Amino acid sequence: MSRVKTVLFDRDGTLVENVPDNADPDRVRPVAGAREALGMLRLHGVRTGFVTSQPGIARGLLTDADVRHVDRRVDELLGPFDVRGICPHGPEDGCHCRPPEPGLILWAVGRVCTAPSDCVVVGPLGADVEAAHRAGAHGILVPTPETPAEETARADHVAPDLLTAVRAVLKGPPRGHVLADERPIETAYDTGPGGTGARRHSA
């Protein structure tokens, strides 16, 4: 049995397709494998939650209510989730909840009474992984086409897709390898000069 008790996902780009500053629930589309991945975690008694940075609130591009409506749609399509968290600040605001700061993760694990060391954070950016590390949790990077290649190269734990990440979580906390097949990162991803970054493929 995995000692991982909670998995927190970055909402946009990990659970649902990334639509910047989305205020329209009808535009929410789960990524491939999201329902199956979440179902596996819940079947094994692992709590699930999602967190999201929404700097559009600080910039006046959308409201708290807009984000809540989108979150509710995510919950309808992929829930029920045990916790949901939002950072409404912009990069220049100096908050403690916007990744790579750990505040939002620490708040979320506190809400579900989970020690950070028993939590895994899954997201598409190096800031997500860094926030997990600073909080004392484990991080898994699931790259998207927008993930900078250097962030993939720096990450301790990399999975090519959501299902692979969740299958690894169910075996225990990540151990520091490319979770698809334990190849070195350099052979699984083209991170050298002129490379194209992470390559997407199925588990």
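Since this is a predicted model, take the numbers as computed values, not measurements.
- Note that CG of D161 and OG1 of T14 are 11.5 Å apart. Values are rounded to the nearest 0.5 Å.
- To the nearest 0.5 angstrom, S53 atom OG is 7.0 Å from D10 atom CG.
- Screening residues 115-144 for ring pair (Phe, Tyr, Trp, His ring centres under 6.0 Å), with sequence neighbours left out, gives no hits.
- Scored by the side chain to side chain contact (heavy atoms under 4.5 Å, CB included) test, V31 finds E17, A34, L162 as partners (sequence neighbours excluded).
- Distance alone, capped at 3.5 Å, is enough to place a donor-acceptor pair between the D24 side chain and the D26 backbone.
- Judged as a ring pair (Phe, Tyr, Trp, His ring centres under 6.0 Å), the pairs with a partner in residues 65-123 (not counting sequence neighbours) are, in order, F50-F81.
- Between the side chain of T147 and the backbone N or O of T144, at least one donor-acceptor pair lies under 3.5 Å.
- For the atom pair CD1 of I86 and CD1 of I57, the computed distance is 6.0 Å after rounding to the nearest 0.5 Å.
- The distance from the CZ atom of R29 to the CG atom of N22 is 10.0 Å, given to the nearest 0.5 Å.
- For the salt bridge (Lys or Arg N to Asp or Glu O under 4.0 Å) test, no residue two or more places apart in sequence or in another chain qualifies with E146.
- For V112, the side chain to side chain contact (heavy atoms under 4.5 Å, CB included) partners are T6, R47, D82, V83, T114, not counting sequence neighbours.
- When the side chain to side chain contact (heavy atoms under 4.5 Å, CB included) test is applied to A23, the partners found at least two apart in sequence or on another chain are L62, D66.
- Side-chain heavy-atom separations under 4.5 angstrom define the hydrophobic clusters, and L106 shares its cluster with no other residue.
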Output side-chain donor-acceptor pairs under 3.5 Å for residues 35-43, partner residues at least two apart or in another chain, one line each.
{"from": "R42", "atom 1": "NE", "to": "T48", "atom 2": "OG1", "distance (Å)": "3.4"}
{"from": "R42", "atom 1": "NE", "to": "P80", "atom 2": "O", "distance (Å)": "3.3"}
{"from": "R42", "atom 1": "NH1", "to": "L78", "atom 2": "O", "distance (Å)": "2.8"}
{"from": "R42", "atom 1": "NH2", "to": "T48", "atom 2": "OG1", "distance (Å)": "3.4"}
{"from": "R42", "atom 1": "NH2", "to": "L78", "atom 2": "O", "distance (Å)": "2.9"}
{"from": "R42", "atom 1": "NH2", "to": "P80", "atom 2": "O", "distance (Å)": "3.1"}

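- When the side chain to side chain contact (heavy atoms under 4.5 Å, CB included) test is applied to P91, the partners found at least two apart in sequence or on another chain are P55, R59, R98.
- Note on V51: it does not cluster hydrophobically with L141, by side-chain heavy-atom contacts below 4.5 Å among ILVMFWY residues.
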Tell me which donor-acceptor pairs under 3.5 Å the side chains of residues 118-130 have, and how far apart each pair is, sequence neighbours excluded?
{"from": "D118", "atom 1": "OD1", "to": "R3", "atom 2": "NH1", "distance (Å)": "2.8"}
{"from": "D118", "atom 1": "OD2", "to": "K5", "atom 2": "NZ", "distance (Å)": "3.4"}
{"from": "D128", "atom 1": "OD2", "to": "L125", "atom 2": "N", "distance (Å)": "3.1"}
{"from": "E130", "atom 1": "OE2", "to": "R134", "atom 2": "NE", "distance (Å)": "2.9"}

